[in-house]
2 protein chains.
Amino acid sequence: MQLATDRLSATFQALADPTRRAILARLALGETSVSELASPFKMSMPAVSKHLKVLEHAGLISRSRDAQMRPCKIEAQALKQADDWLEEYRRLWEQRLDRLEDYLRAVQIQAKTAQTETAQAEETKAAKPKGKGKSRGRKK
Amino acid sequence: MQLATDRLSATFQALADPTRRAILARLALGETSVSELASPFKMSMPAVSKHLKVLEHAGLISRSRDAQMRPCKIEAQALKQADDWLEEYRRLWEQRLDRLEDYLRAVQIQAKTAQTETAQAEETKAAKPKGKGKSRGRKK
DNA sequence: CTTGTATTTAACCAGAAGGTTATTTAACTG
DNA sequence: CAGTTAAATAACCTTCTGGTTAAATACAAG
């Protein structure tokens, strides 16, 4: 059905659909049948079956057999891989507050300066510095 | 270009492509131009431009202007949203070992019960770590 | 062996994704 | 102004996605 791309791409791809995320949410509560997984949705069974195939291909679920039923089980390892990828970027949002503080501090200083030099503030715009000076400021 | 689905779907969708993840990896090092972002790939500029549009639509990057250049910057909040979603499932892989331990302990008790129906209660008590104070934090 | 139940497969469809080349827009430069 | 650079847009193509209905499979129970 889908391309044989890498595992991580397949995982994110699988998570990119609300129906599939809802299925995973249900499976987080415990193993269950395809019919029960399908019941909350108004789509046809084959459609759900396809979603399950996508999830299985991504390693997010596994299936066993119980009479006519094919119970699905969530497989957390694939989710962990996605989490591991995000881990690399965690600092980017965890440092956010610190940077906001830096920014606010800078603004405060600027405000104080502006109090004494109000007139020149407008002129600065016209007095464009040469070349790639980039007076646009706060470029880390 | 892409569907106007919910933000989380758009984010996971954006992350489901290796090229886009590579772009984000580069942007994690700092803001840069489209040309530089495109340079590692053998695809055309319009292709990269499309990838950037997908990332921007998902809120994963933002763009500013600097002369002819349109520098891209990573936006960590969208990544955090993905991480928050995964957070709900974290216990599934973090508790895995604990549950395996529980299972093995149960099997052991069963085996012993089958052998001799004598004093295994004390052993169980001794072996049990008691409480789930493992506090396996989410930060590595 | 026939029927019912649970689920998958087959065939098909519209629209999205990801790529291409050619053209256009935007901003600096001489 | 004309020319160059950086990037986006337009038009087009192929493959993938997510859904459909109809038919097939696997199993259990009469």
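For the numbers below, each heavy atom of this structure counts, side chains included, while hydrogens, waters and symmetry mates do not. A, B, ... follow the sequence lines: proteins, then strands. Residue 1 opens every chain. This one's a predicted model, so the numbers in the text were calculated from it and none came from an experiment.
Among the atoms of the strands shown, only primed sugar atoms or phosphate atoms (P, OP1, OP2) are found under 4.0 Å from some heavy atom of B:Ser33.
A straight line from CG of A:Asp66 to C1' of C:dA6 spans 11 Å, rounded to a whole angstrom. Distance, B:Leu52 CG to D:dT9 C1': 14 Å, rounded to whole Å. In this structure, CG of A:Asp17 is placed 18 Å from P of C:dG15, rounded to the nearest angstrom. Distance, B:His57 NE2 to C:dA16 C1': 12 Å, rounded to whole Å. A:Glu36 has its CD atom 18 Å from the P atom of C:dT5, to the nearest Å. One atom, CZ of A:Phe12, and another, C1' of C:dA17, lie 18 Å apart when rounded to the nearest Å. Rounding to whole angstrom units, CD1 of residue B:Ile23 and P of C:dG18 are separated by 11 Å. If you take CE of A:Met45 and P of C:dT8, they are 7 Å apart, rounded to a whole angstrom.
Across C:dG18, D:dA8, C:dT7, the shortest atom-to-atom separation from the side chain of A:Ser35 is found for C:dT7. Out of C:dT9, D:dG19, C:dG18, the shortest distance to the side chain of A:His51 is found at D:dG19. Here C:dA27 is the nucleotide among D:dT9, D:dG19, C:dA27 with the atom lying nearest to any side-chain atom of B:Gln68. Which of D:dG19, C:dT9, C:dT5 sits closest to the side chain of A:Lys50 comes down to D:dG19. Out of D:dG18, C:dG19, D:dA26, the shortest distance to the side chain of B:Met43 is found at C:dG19. Comparing C:dG18, D:dG18, C:dT7 by their closest approach to the side chain of A:Val34 singles out C:dT7.
To the nearest 0.5 angstrom, B:Ser9 atom OG is 3.5 Å from A:Arg21 atom CZ. Note that the CG atom of B:Asp17 and the NE2 atom of B:His51 stand 4.5 Å from one another [nearest 0.5 Å]. Note that NZ of B:Lys53 and CD1 of B:Ile61 are 11.5 Å apart. Values are rounded to the nearest 0.5 Å.
The phosphate of D:dA7 (OP1 or OP2) has no side-chain N or O of B:Ser49 nearer than 4.0 angstrom. Contact check, A:Arg63 against C:dT7: no side-chain N or O comes under 4.0 Å of OP1 or OP2.
In this structure, the side chain of B:Asp66 does not engage the main chain of B:Met69 through any donor-acceptor pair within 3.5 Å.
Heavy-atom nearest nucleotides on DNA chain D were determined for A:Ala67 and for A:Ser44, and the one closer to the 5' end corresponds to A:Ser44. Both B:Thr19 and A:Val48 lie near DNA chain C, and the one whose nearest nucleotide falls closer to the 5' end is A:Val48.
Residue B:Cys72 forms a side-chain contact (heavy atoms from CB on, under 4.5 Å) with just one option from B:Leu37, B:Leu55, B:Thr32, B:Ile23, and that option is B:Leu37.
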